[in-house]
Amino acid sequence: MLRVKRRDFLKASSLAGAGVLAANNAWSLNRLEPIGDTLDEEYPYRDWEDLYRREFTWDKVGKAAHCINCVGNCAFDVFVKDGIVLREEQLAKYPQINPNVPDANPRGCQKGAIHSSAMYEGDRLRYPLKRAGERGEGKWQRVSWDEITEEIADKIIDIFEKYGPGKLMTHTGSGNLSMVRLAAPYRFASLLGGVQLDIFTDVGDLNTGAHLAYGNPLESFTSDAWFDADYIMMSLFNPNATRIPDAHYLWEAKYNGARVVSVAPDYNPSSIHADLWLPIKQGADPFLAMSFVNVIIEEGLYKPDFVKEQTDLTVLVRQDNGMLLREADFKDGGSDQVFYHWDLNSGTAVAAKGSMGSEDKTLALGGVDPAIEGSFEVDGIAVTTVFEKVRAEAAKFTPEATEAETGVEAETVRREARLFAGARKAILMNGFNIGRYSNGIFTGWAQVLMLALTGHGGKAGGLDTSWIEWNHGKLLELALFGFQKFPRLEAGGLGEFLRGHMIDHARQHFDNEKLKARVGFDIDEMEAMIEESVTEGWMPYHGDMKGLISIADNKFRRNKHADKYRERILEEVQELFVNINVRMDSTAEWADYLLPAASHYEAWDLRSVGFHRFVNVFSRPVDPIGEAKPDWEIMVLLSKKIQERALARGVGGYQDGNVSRDLHTIYDDFTMGGTLLSDYDATKWLVDNSAEFGGVSLEEGAEQGFFVMSAEGGANQPIPASEPYNPFVAQVEGKKPYDTLTGRITFYCDHPRFMKLGAATPTARHHAGREASNYPLSFYSPHTRWGIHSNWRSNKYMMRLQRGEPNIYINPNLAAARGITDGGRVRIFNGIGEFFAQAKFYPSIPETSIMMEHGWEPHQYEQGKPMNNAMATLIQPLELCGGWGHLGFKLWKYNANQLAHESSVDVEPA
Ligand SMILES: Nc1nc2c(c(=O)[nH]1)N[C@H]1C(S)=C(S)[C@@H](COP(=O)(O)OP(=O)(O)OC[C@H]3O[C@@H](n4cnc5c(=O)[nH]c(N)nc54)[C@H](O)[C@@H]3O)O[C@H]1N2
Ligand SMILES: Nc1nc2c(c(=O)[nH]1)N[C@H]1C(S)=C(S)[C@@H](COP(=O)(O)OP(=O)(O)OC[C@H]3O[C@@H](n4cnc5c(=O)[nH]c(N)nc54)[C@H](O)[C@@H]3O)O[C@H]1N2
Ligand code: SF4
Ligand SMILES: [Mo]
C-alpha cells in the first residue's frame, strides 16, 4: 500500500507528469523522494533519469539577489519553469574594474544558492491570516486582503483617535535591506508618524567608536580595496563565515603579500587562514589596542604630518579644567566651536580651520605648523595638546602591563605594532561584533587612534567598519520625503532596553560593585544617565505603544531576555499587532494579523547594501506564491484602506508637531498621486530619477542583472571609475573636514559624561562578562555560517551541514570537568533564564567562555526556550551622549547599541 502511494505521489508531482504546476503547488517539488528499488517490475517508467534531466530545462531566466541583512548582495540568475523557481546560479558577470585587482566574481553563498528550495518550504506564508485563538496559540483563519486591510486600517484610525499620533510602532527590521522593500514601510511610517527604531543599534551593529573619531561610521572600503593592503588586522570579525562573497579579497591580499592577523578568543574559520592568530581574552580588545598605541607613541612610530593635518591631536586643552580651549574662553561672544593649535612658526595660538564653528572649511594648514607636544599659555590660560593627554593615558597600557588582561605576549604586541606602523596600507577590520560589547566604543576609538597616529588614512588604509553609505538621494526622498515628513525615529538599543524592561534583568544578573569595577558604572548610575539622555533630548524614546506593525523583523527572536521582552511588548500593543513577513518566524507566530510578503525572487527591487559598487536588480522572475504580495504593494493597500476609512469616518489630518499626518490623503501621498502603485513602479522611479545609475534604464539593468554605480554613488567622495573605493580620500587628499566638532579625527571629548567616566581620550575598559556576576562562564553568540540569523535555519540542506539542532561550543577541558560529552545534552543557565542545547567540542575556545551561534528560532529549542532567555544586557551610557558637536542621536550613526555579549552563565549535563 505504502509503496503504491509513494509512486502515485511521485508521478503526480514529477515534472514529467504534472503538466502545469501552479505556484500554489510548488511545495510538491520539495517532496520528490528517491525510489528505493528502481528495478522493481511495478516501477511505472524506466527512464526515471529523465526526471533529473528535465529539471535542467526552464522557461525563463530572471535576475535577483537576496534582500536580507547578509551584507553580501550577490546577483543571481533565477531559473523558472511553469511559474515556479527551479534553482538559482551565481551570475558571475561583474566587470573587472582594474586589471591589477581581482574581479568580484562569482558572488554568493550556500544560503542564497538554496533559496529556491527554502521559498517553498512549510513555513512560507501564502495567505493573509487572522488570529483565531489566543496570541501565539497557532490558530489562524484565512481572510481576504480586502477584509484584513480594512480591519487593520480601522484599528490604526482607532489608535489615532483614542491616543493621538505617536502610539503606533511601524518598525521595519533588518530583513528588508533592498531599496524598494526598505522604502515602502519607511514611507508608510513617515506618513503616519509611526515609531521606527534605528536598525543598526537595535541589533548592536553600530561602530560608535568610529563615529566618535571620524564623525561617520559608514565610510569604509569596498572589499576590492583590501587587495593592495600590506597589513590587515581582523578583530571581532569572522569574514569566512559572515562575509562569504567578499572574503576572497582578504586571502588574495595575503597572496599579494599582506600580513593578515586575526584577533579572536577562538580560532575561528577566518583565524585559521591568517598569518598570525592572537588568542585574546574575551572582551579585552581595548587593552590590546591601547598597548599598540603605547608602543607607537613611546617608540616614536607616529607620522607627524598626518597627525598635524588630519587629527585633533594638536588641538589645545586647558590645564585647569581639562576642557578644550575655545574661542568663547577668551573672547566676548566667541564661538564654542572654534578651537586652537599652537603654531610653532609664529609662536602663538591660531584658530584651527575646519571645525564646526570655523568659516574655513578645510584641513589644509597653510603656513601653520601646529605643535604636537608641549605646554603653552594663551591669554593667561595654561594649555597643552590633545597629544599630551593621549600620551599620558596610553602610558598606562604598556604591552607588559596589559599582557595579563589580553593574554597576548608583550613581545608579540611590540613586533606587530612596528609592522603595523611601518605598513604602506594597513586596514583594521572589526565587523559588527564590536557594537555588541559594552567596551566596543573604546575598542573602535583606540583602533582609529592606532591608524591615525601612523598615517593610515585614505589610500594608506584605515578602519573597515563593514558598511558603506552610498549616495541614494532619491531613496531617501522615497522613504522619508526628503525629511519633510518622517517617522518618529528612536534610539534602537535604548528603545528595546526601555520598552522591554531589560533593566530588571540587568539588576537581577549583575553584581553592582563588580560591574562598576569592570565597566566604570553600576546599574543605578546607568539608569540615571539613561534618564538624563532622554530628558535632555539627546536620545529619542517614545514610550509605551498601543499598536505594532512589525515588518521584516524577527524581534521576538533577536531581543535579549526573549520571553520577558515578548510578554512586555504584547502587553503594550494589546490593540493591534500586525506582522508583514515571508514566513512564520518567531515574531509572526504571535501576531493578530499576518500579511504574506513576496520573497526575494517575487518582487522588483534594487540593492546596493554591501561592499561593492554594483546595484543588483531583482526582476521579479516569478509572481509571489499564493496570495503573497510585494512589501510595496502591501503598503499601498494599507494606505488605500486607511484613506477610504478615514474619509468614511470623517477623520482628516492630525497636526503632529510641525508635520501634518493626513490620513484622508495617505494613499495619494504614498502613491505619488497614483503613479507608484507597484514594486515595479517604485523600482523604475528610483532608476529613472537617480544619477548613480549612470543613465542606464531599468530594462537594461534587469537584462544585465546589475548596474555599475557611477561616480555620483559616493556619499563622501566620488566613486573612482577604475580604482577600488577607500574611505576618507576626500579628507586625506582633498582636505575636506571630517563631520566632527573640530573637523578633525577626534581623540578628545570634553562632553561632561565622557569627562565624568574618565573617557576624555581613548582608553580601555572591560566588558561585564563573568567577572561582573555570580556565574563562572562568559558567553558570546556570534553569527552562523549556515543561516543569516533566523533565515534558512530550518532548511534541510543547511541542517545537513551542521549538527541540525541548537548547539553550544565548549572547551573539552571544561566539558570534562563538568562531565559533559561531545554531542551530549546540556543545560545552560543563570538567574534570569535557561535553555538546552547539544554540546560541541571546540578546543580553541577559552575554558572560561561558552560560545553559541545566534539565530536559531525559539521553536527550534527544547521546550521552546531560546538562548536569548539567559541573556542579561546593559546600555553603554557614552553611546547616549548628545549636545556635543557630532555626538547626539543620529540615525544609523550614533546612539546606543543592544549589547549581546555582556552576560554570563553556568553549564551542566542535562
Ligand atoms: N553567514 C552569515 N553571515 C552573516 C550573518 C549571518 O547571520 N550569517 N549576519 C550578518 C550580520 S547582520 C552581521 S551583524 C555580521 C556579523 O558578523 P561579524 O561581524 O563577523 O561578527 P560575529 O559573527 O558576531 O563575530 C565574529 C567573531 O568575533 C570573535 N569574537 C567574539 N568575541 C570577541 C572578543 O571579545 N574579541 C575579539 N577580538 N573577537 C571576538 C569570534 O571569533 C567571532 O567568530 O554578519 C553578517 N553576515
Ligand atoms: N545573542 C545574539 N543576538 C543577536 C545577535 C548576536 O550576535 N547574538 N546579533 C544581532 C544582529 S547583528 C542582528 S542583525 C539581528 C538579526 O535579527 P533578526 O531580526 O532575527 O533577523 P532576521 O532573522 O534576518 O529576521 C528578519 C525577518 O525578515 C523576514 N523577511 C525576509 N525577507 C523579507 C521580505 O522580503 N519582506 C518581509 N516583509 N519580511 C522578510 C524573515 O522572515 C526574517 O524572519 O540579531 C541580533 N541578535
Ligand atoms: S544570502 Fe547574501 S551573501 Fe548569500 S548569496 Fe544571497 S546576497 Fe549573497
Ligand atoms: Mo547585524
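Basis for what follows: all heavy atoms, side chains included, without hydrogens, waters or symmetry-related copies. Keep in mind the model is a prediction, meaning the values are calculated, not measured. Whatever order the structure lists ligands and atoms in, that order sets their numbers, starting from 1.
Nearest to atom 3 (N) of ligand 1 among the protein's heavy atoms is T242 CA, 3.3 Å. When hydrogens are left out, the protein atom nearest atom 19 (O) of ligand 1 is F432 N, 2.8 Å; that is the closest non-hydrogen contact. D205 OD1, 3.0 Å is the protein heavy atom nearest to atom 14 (S) of ligand 1. Nearest protein heavy-atom contact of atom 28 (O) of ligand 1 is N433 ND2, 3.1 Å. Counting only heavy atoms of the protein, atom 2 (C) of ligand 1 lies nearest to T784 O, 3.1 Å. The closest protein non-hydrogen atom to atom 7 (O) of ligand 1 is H789 N, 2.9 Å. Of the protein's heavy atoms, P265 CD, 3.1 Å lies nearest to atom 40 (C) of ligand 1. Taking atom 45 (O) of ligand 1 as the reference point, the nearest protein heavy-atom neighbour is R243 NH1, 3.2 Å.
Considering K555, Q196, H171 as possible partners of D202, the one that fulfils the side chain to side chain donor-acceptor pair (under 3.5 Å) test is H171. For the pairing with N795, the side chain to side chain donor-acceptor pair (under 3.5 Å) check across K111, Q110, R800, E121 returns one residue only, E121.
At a 4.0 Å cut-off, at least one heavy atom of C70 sits close enough to ligand 1 to count as contact. Using 4.0 Å as the threshold, Y437 has a heavy atom nearer than that to some atom of ligand 1.
Between the side chains of D246 and W226, not a single donor N or O lies within less than 3.5 Å of an accepting N or O. In summary, the side chains of H901 and H767 do not present any donor paired with an acceptor at a separation below 3.5 Å, with no hydrogens or angles considered. A donor-acceptor pair shorter than 3.5 Å cannot be found between the side chains of H854 and T784. Judged by distance alone, the side chains of S599 and E602 never bring a donor and an acceptor atom under 3.5 Å apart.
The contact set between ligand 1 and G283, taken as ligand atoms under 4.0 Å from a residue heavy atom, comprises 34 (C), 35 (O). Proximity to Q282 (heavy-atom distance under 4.0 Å) selects the following atoms of ligand 1: 35 (O). Atoms of ligand 1 found under 4.0 Å from any heavy atom of N69, numbered from 1 in the order shown, are 9 (N), 10 (C), 11 (C), 12 (S). In summary, the atoms of ligand 3 found under 4.0 Å from a heavy atom of F76, numbered by their order in the structure, are 5 (S). Of all the atoms in ligand 3, the ones that sit under 4.0 Å from a non-hydrogen atom of W792 are 1 (S). In summary, the atoms of ligand 1 found under 4.0 Å from a heavy atom of K111, numbered by their order in the structure, are 1 (N). Near G431, with a cut-off below 4.0 Å to any heavy atom, the atoms of ligand 1 are 19 (O). Against a heavy-atom cut-off of under 4.0 Å, D266 is close to the following atoms of ligand 1: 41 (C), 42 (O).
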Give the table of side-chain donor-acceptor pairs shorter than 3.5 Å for residues 273-282, with sequence neighbours excluded, one pair per line with atom names and distance.
{"residue": "D275", "atom": "OD2", "partner": "V260", "partner atom": "N", "Å": "2.7"}
{"residue": "W277", "atom": "NE1", "partner": "A264", "partner atom": "O", "Å": "2.9"}
{"residue": "W277", "atom": "NE1", "partner": "D266", "partner atom": "O", "Å": "3.4"}
{"residue": "K281", "atom": "NZ", "partner": "A404", "partner atom": "O", "Å": "3.0"}
{"residue": "Q282", "atom": "OE1", "partner": "S849", "partner atom": "OG", "Å": "2.8"}
{"residue": "Q282", "atom": "NE2", "partner": "Y437", "partner atom": "OH", "Å": "2.9"}

Test log, rule side chain to side chain contact (heavy atoms under 4.5 Å, CB included), inputs Q90 and R107: CA-CA 6 Å; Q90 291 155 298; R107 298 188 64 79; 5.7 Å; no

Decide yes or no on side chain to side chain contact (heavy atoms under 4.5 Å, CB included) for R765 and V519, but give the supporting numbers first. CA-CA 6 Å; R765 291 284 181 277; V519 302; 5.8 Å; no

Please step through side-chain hydrogen bond (donor to acceptor under 3.5 Å, both in side chains) for the pair S178 and D605, ending with a clear verdict. CA-CA 7 Å; S178 49; D605 214 329; 2.7 Å; yes

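Contact annotation: for Y780 versus ligand 1, heavy atoms closer than 4.0 Å belong to the side chain alone. Neither the backbone nor the side chain of V203 comes within contact range of ligand 1; no heavy atom lies under 4.0 Å. Under 4.0 Å from ligand 1, the heavy atoms of A241 that appear belong solely to its backbone. Contacts with ligand 1 closer than 4.0 Å are made by side-chain heavy atoms of D285 only, the backbone lying farther away.
Residue I244 has no N or O atom closer than 3.5 Å to an N or O atom of ligand 1. For the pair V263 and ligand 1, the shortest N or O to N or O distance falls below 3.5 Å. For a threshold of 3.5 Å applied to N or O pairs, the pair formed by K281 and ligand 1 contains no separation below that value. Residue N268 has at least one N or O atom closer than 3.5 Å to an N or O atom of ligand 1.
Figure legend: cation-pi geometry between R620 and W604 absent, as NZ or CZ is not positioned both under 6.0 Å from the six-membered ring centre and within 45° of its axis. With Y231 as the aromatic partner, R259 does not meet the cation-pi criteria of under 6.0 angstrom to the ring centre and within 45 degrees of the ring axis.
Taking the side chain as every heavy atom from C-beta outward, I468 and T222 approach each other to under 4.5 Å. Inter-residue side-chain proximity for S235 and Q447 is flagged as met; some heavy-atom pair is nearer than 4.5 Å.
Looking at H783, R785, M429, H854, it is H783 that brings a heavy atom closest to atom 9 (N) of ligand 1. In this comparison of G787, P269, C109, A900, the heavy atom closest to atom 6 (C) of ligand 1 sits on G787. For atom 24 (O) of ligand 1, the nearest non-hydrogen atom from the set H901, R436, M851 comes from R436. Summarising the contacts of atom 43 (C) of ligand 1 with S778, G435, P782, the nearest heavy atom is found in P782.
Of the charged side-chain nitrogens involved, none lies within less than 4.0 Å of a carboxylate oxygen, so that R181 and D679 do not count as a salt-bridged pair.
Here the two rings, on Y94 and F706, have centers that are under 6.0 Å apart. Proximity of the aromatic rings of H612 and Y249 is defined here by a centroid distance below 6.0 angstrom, and this criterion is not met. When ring centroids are compared, F76 and H115 stay outside the 6.0 Å threshold. Aromatic ring centres of F200 and W467 lie closer together than 6.0 Å.
For atom 4 (Fe) of ligand 3, the neighbouring protein N/O/S atoms at less than 2.8 Å, given as residue and atom, are C109 SG.
Note that OH of Y601 is 11.0 Å distant from CZ of F79, once rounded to the nearest 0.5 Å.
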